[in-house]
Amino acid sequence: MPAGHELPTFRGLLASLRAGVFVNLLRGSSVIALVALILSPSMIAANLTGATLLGMYWLTSIAISWRIYGAGHTRAAAVIFVAATWLTFMVPTVFSPLRCYGGSVVATLAVTALVLPRLWAIVVALGTGAIVVAAVSFDSTAYALPVFFHSSCIILMTATSLVIGLVFIVLRLSAKEIRLAFVTGIHEARERWEGERAQSERQEKSRTLHAEAKADESERRYRSLFDSAMDCILVIDRNGLLVDLNHKVSATLGYSREELLGTSLSRVLNSQLTERMYPRPAEILIEQRSVRGEQELRAKDGSTRFVEFIASPLPDGNVLAVVRDVTERRQAADAIKALNEALEQRVAEQTAELRQANHELESFSYTVSHDLRAPLRRINGFAAVIRSNHGDALAGEPMVYLERIEQNAIRMERLIDDLLKFASAAGGTLACTTIDMRPIVDTIIEDHASQWGRHAKFEIGKLPPVTGDPSLLRLVWCNLVDNAVKYSSKVAQPRIAIGATATGEMVEFWVKDNGAGFDMAYADKLFDVFQRLHSASEFEGSGIGLATVQRIVHRHGGALRAHGRSGEGATIFFTLPAAKRRESAVP
Amino acid sequence: MRNIAKKVLVIDDDAGDAELTLSALHEACVDADIFAMRTGLEAVNYLNGCAESTHPEDVLPDLILLDMSLPIVSGLQVLNEIRQDRRLRPVPVVMLTDSRHIADVDDCYRLGANAYVMKPFAFPDYVRAIKDICRFWLYLNETSFR
């Protein structure tokens with residue numbers, strides 16, 4: 001026996017009995033006994049009183065025997081116990097057999113419960129109960145039964161008690177062993193029972209906790225994902241009511257979660273778009289497929305949000321809609337579109353303005369040509385009339401002044417002419433065609449031969465065909481050849497060389513003279529309007545010719561440069577686009 | 001052929017130009033009665049009056065020298081009036097103008113001008129041009145109703 005295993009006190013025993021299976025067994029047996037008592041209504045009061053008294057007597061005797069047993073007098077304790085039990089059973093039979101039943105039942109059950117294993121205890125309890133029921137039923141029908149039946153019952157009960165008592169004495173010889181068996185039985189049972197219950201409770205609890213923890217974690221994870229999603233997530237039921245939504249929805253639309261939950265989706269749909277634009281949740285659920293699309297949503301502040309969505313059926317019969325706010329993107333695209341339109345509009349406006357300006361320039365040059373030329377012509381005309389009609393009277397100085405008037409009028413007329421040419425070189429569209437340069441140059445030289453008076457010597461090289469506007473290029477050659485003739489007019493033997501070099505897609509032409517030349521320091525002023533490097537008395541000119549040439553060449557996509565030295569002649573180079581091979585001009 | 005002096009109508013709003021034209025006509029020794037009108041409206045009224053007279057052929061000019069830039073009723077409108085009126089249609093009209101604008105040349109011929117002459121800058125050239133015009137339109141190209 002373990003050292004620390006103290007003998008249980010009576011109170012402890014009672015506690016053990018109360019706590020264990022045995023308590024339940026006792027309860028069950030007591031119920032049976034009670035039922036038996038109740039079945040004899042005429043004797044209820046007497047039986048109850050008797051049973052109580054006997055019970056108390058018996059329990060007291062058990063306590064006494066337990067004390068004796070605890071003191072080490074095992075046999076004495078057993079004798080006392082059996083004797084007490086026997087007395088308990090026997091005494092009542094004098095007065096009433098039923099009391100005998102009650103007491104014997106209690107004694108039997110108590111002993112059985114304390115000593116036997118649970119199964120046996122149950123069998124004994126049931127058997128005892130059955131005997132009691134049988135006895136009671138017999139007793140109630142024929143109260144005056146033969147004494148032998150009572151006696152046999154008493155003998156049976158007593159025998160049972162004796163057998164049980166002998167179990168202590170004969171089978172469990174050692175007091176310690178009995179005690180050990182007694183205590184161990186109770187403890188084992190109790191421990192087993194409590195252990196089982198605790199274990200099952202623990203298991204149940206841990207299972208529940210585990211399941212709850214798992215569910216919690218899953219829910220938390222789901223909620224975290226749900227709420228931290230960059231897109232709006234809505235759960236919509238079959239009827240279009242919002243079942244769940246994440247933070248992003250509130251952030252996007254300005255409604256709180258509570259405001260939206262349970263309300264219809266149509267609350268946030270743009271009312272201008274009818275619901276036919278929107279795939280109904282029921283349709284998605286019936287067709288069991290995802291639907292993608294675009295939609296306009298109305299925020300709480302009344303602004304419109306453009307969204308893309310994908311709506312899919314959920315297993316629980318709701319629809320999951322993942323909605324992405326593309327308002328910024330849409331607005332950016334719209335802004336770019338608007339910007340483009342504005343730019344196009346501006347370009348169109350500026351083109352129109354430019355066209356208008358060109359038109360005004362044309363009418364201006366028309367006005368200039370007419371309104372400036374007419375008075376000049378009149379001045380010149382009247383001067384001529386005076387000379388013709390009153391020439392004789394104006395001999396001497398007046399005539400000289402009259403001539404000056406005429407000369408200046410003529411000069412002014414040329415200036416106007418050149419300005420008009422310059423203006424015409426700037427405006428209008430180019431009527432480009434393939435041009436053979438040689439005939440143009442030849443014609444100009446022929447046409448101007450008489451005007452130039454003294455013949456310069458022309459050396460003309462090979463001139464490749466180009467693409468350009470014939471009338472404008474004629475003006476180019478006219479100006480350049482005229483200049484060359486003019487500035488070489490004071491040289492003893494004027495020589496003018498004209499040639500060209502083809503360089504890829506462009507052809508470079510040059511006109512070289514051995515005339516007055518110019519200082520290279522002023523080369524950049526050569527092509528400006530009204531810029532002259534020589535005085536009018538030295539060489540006549542308006543200062544517009546080379547500016548006109550430059551403008552025409554530039555309009556053809558070409559370039560112009562000049563090379564010269566003062567007193568050693570000048571060379572003007574200009575490039576023009578070469579004629580395409582298959583369009584080459586017929587000579 | 002009746003022996004009636006030729007008539008030339010000069011329509012020009014500028015007094016100086018009109019005078020120069022008259023001088024040129026004089027220098028060119030054109031043997032004709034010269035009329036000068038300052039505005040298009042005046043000219044149109046005058047021509048309508050001539051057409052309504054009992055003998056239009058006696059009073060209608062044999063040649064009209066018409067400037068383009070006239071106030072209110074332009075030279076082109078006068079030309080159009082003449083060409084639209086069946087009675088005035090045979091009268092030769094020569095445009096005498098400073099404009100070198102190709103569009104003006106086109107417009108004048110489209111409306112039925114007989115010639116478009118740009119006023120030469122040098123006076124001798126002007127006299128020569130007037131002389132040529134008158135010689136052709138007054139004598140060489142006599143119209144049918146004469």
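Letters A, B, ... are given to chains in the order of the sequence lines, protein chains preceding strands, and every chain is numbered from 1.
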Residue part contacting chain B, namely of A:Ala383, when any heavy atom lies under 4.5 Å = neither
Is the CG atom of B:Asp125 crowded by more than 12 outside heavy atoms at less than 6.0 Å?
-> yes
Which atoms form the tightest heavy-atom contact between A:Gly381 and B:Leu20, and what is the distance?
-> C-CD2, 3.6 Å
Does B:His26 NE2 have over 12 foreign heavy atoms under 6.0 Å away?
-> no
Of the non-hydrogen atoms in A:Ser388 and B:Glu27, which two are nearest, and what is the gap between them?
-> OG-OE2, 3.1 Å
Show the numbers, then the answer: is there a side chain to side chain contact (heavy atoms under 4.5 Å, CB included) between A:Val385 and B:Glu19?
-> CA-CA 10 Å; A:Val385 171; B:Glu19 204 168 319; over 6 Å; no
Report, as yes or no, whether the 6.0 Å neighbourhood of atom CZ on B:Arg110 holds more than 12 heavy atoms from other residues, nucleotides or ligands.
-> yes
All heavy atoms of B:Asp98 vs all of A:Arg373, minimum pair found to be O-NE, 4.4 Å
Can you establish whether the number of heavy atoms outside B:Tyr109 located under 6.0 Å from its atom OH is more than 12?
-> yes
Closest non-hydrogen contact found for A:Ala384 with B:Phe123 is CB-CB, 3.2 Å
What's the shortest heavy-atom distance between B:Phe121 and A:Asn380, and which atoms?
-> O-ND2, 3.3 Å
Gap separating the NZ atom of B:Lys119 from the CZ atom of A:Arg378, nearest 0.5 angstrom = 6.5 Å
With a 4.5 angstrom heavy-atom cut-off, which part of B:Ser99 approaches chain A: side chain, backbone, both or neither?
-> both
